[in-house]
Amino acid sequence: MSTTLRALLIIFATLVFTFVIRKLKKSQIQVLDSLFWLLFSLSFVLLGVFPEIALYISSELGFMSASNFVFLYVIAVLVMRDFSNSLRISKQEERINGLAQSIALGKSNE
């Protein structure tokens with residue numbers, strides 16, 4: 001893994017880490033969401049400081065370079081996160097619709 005990619009991983013992970021900590025202090029993000037982003041940024045720091053991890057995994061999975069593995073890792077984690085957010089949003093929409101319907105029925109009975 002190139003030195004540039006390693007440096008970028010560490011720099012951006014540090015930026016994400018500080019951004020999430022600020023949002024958490026201002027109560028603008030839920031603790032569970034902040035935990036995901038903190039662990040995600042920590043994984044970038046680990047990949048930047050210990051490139052052997054990415055090199056080993058990429059060679060075992062047959063990638064041409066470790067940077068290709070890092071890009072796939074980022075895409076895969078963010079797609080999984082997006083899917084879990086979609087599920088959570090769907091559940092919340094169902095609850096909101098149910099509440100709206102129960103309120104509407106309650107007001108029509110009065």
Side-chain angles (χ1 to χ4, degrees):
M1 186 181 320
S2 72
T3 308
T4 306
L5 180 59
R6 290 175 60 194
L8 286 173
L9 281 173
I10 294 169
I11 290 168
F12 284 112
T14 306
L15 290 173
V16 168
F17 189 83
T18 55
F19 180 75
V20 170
I21 293 295
R22 279 190 194 159
K23 293 296 181 184
L24 189 58
K25 284 182 181 179
K26 293 180 180 180
S27 298
Q28 295 177 336
I29 189 171
Q30 293 180 352
V31 175
L32 189 59
D33 291 331
S34 67
L35 184 63
F36 166 79
W37 289 109
L38 293 175
L39 291 175
F40 193 50
S41 65
L42 178 65
S43 70
F44 287 139
V45 171
L46 287 175
L47 289 174
V49 173
F50 303 109
E52 299 84 23
I53 297 170
L55 290 170
Y56 174 76
I57 295 173
S58 65
S59 68
E60 289 295 315
L61 295 177
F63 287 95
M64 299 282 279
S65 69
S67 61
N68 290 345
F69 164 72
V70 171
F71 292 137
L72 179 67
Y73 167 72
V74 170
I75 291 168
V77 169
L78 292 178
V79 165
M80 289 187 311
R81 178 68 178 179
D82 185 48
F83 182 71
S84 71
N85 281 340
S86 295
L87 291 176
R88 186 170 52 172
I89 289 169
S90 293
K91 285 181 184 178
Q92 288 176 351
E93 286 177 350
E94 286 178 21
R95 289 179 186 157
I96 289 171
N97 287 337
L99 286 172
Q101 289 172 357
S102 67
I103 290 172
L105 289 174
K107 287 187 178 183
S108 66
N109 290 336
E110 293 177 3

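- No single ILVMFWY cluster, assembled from side-chain heavy atoms under 4.5 Å apart, contains both V49 and L8.
- F19 contributes atom CZ, which lies 12.5 Å from atom OG of S41 (distance to the nearest 0.5 angstrom).
- We find the CG-OG distance between L47 and S67 to be 12.0 Å, quoted to the nearest 0.5 Å.
- A single hydrophobic cluster is not seen to contain both I11 and W37; linkage of ILVMFWY side chains at heavy-atom distances under 4.5 Å, directly or through other members, places them apart.
- Distance check: K23 NZ to I21 CD1 gives 13.0 Å after rounding to the nearest 0.5 Å.
- One finds the CZ atom of F17 at 9.5 Å from the CG atom of L39 (value rounded to the nearest 0.5 Å).
- Enclosure of atom CZ in R81 by more than 12 non-hydrogen atoms of other residues, nucleotides or ligands within 6.0 angstrom is indicated.
- To the nearest 0.5 Å, atom CG of residue L15 and atom CZ of residue F44 are 12.5 Å apart.
- The hydrophobic clustering, which links ILVMFWY residues whose side-chain heavy atoms are closer than 4.5 Å, places F12 and V45 apart.
- Across S65 and S58, no two heavy atoms sit closer than the pair O-CB, 4.0 Å.
- Around CD of Q30, the count of heavy atoms belonging to other residues, nucleotides or ligands within 6.0 Å does not exceed 12.
- Between F69 and I53 there is no side-chain heavy-atom pair separated by less than 4.5 Å.
- Hydrophobic clustering (side-chain heavy atoms under 4.5 Å, transitive across Ile, Leu, Val, Met, Phe, Trp, Tyr) keeps L32 apart from V77.
- Salt-bridge check for D33 with R88: passed, with a basic side-chain N closer than 4.0 Å to an acidic carboxylate O.
- The hydrophobic clustering, which links ILVMFWY residues whose side-chain heavy atoms are closer than 4.5 Å, places L42 and I57 apart.
- S90 contributes atom OG, which lies 10.5 Å from atom CG of N85 (distance to the nearest 0.5 angstrom).
- Contact between G48 and R6 at its shortest, heavy atoms only, is O-NE, 2.9 Å.
- Ring orientation note: the planes of F40 and Y73 are tilted relative to one another, at an angle of 30° to 60°.
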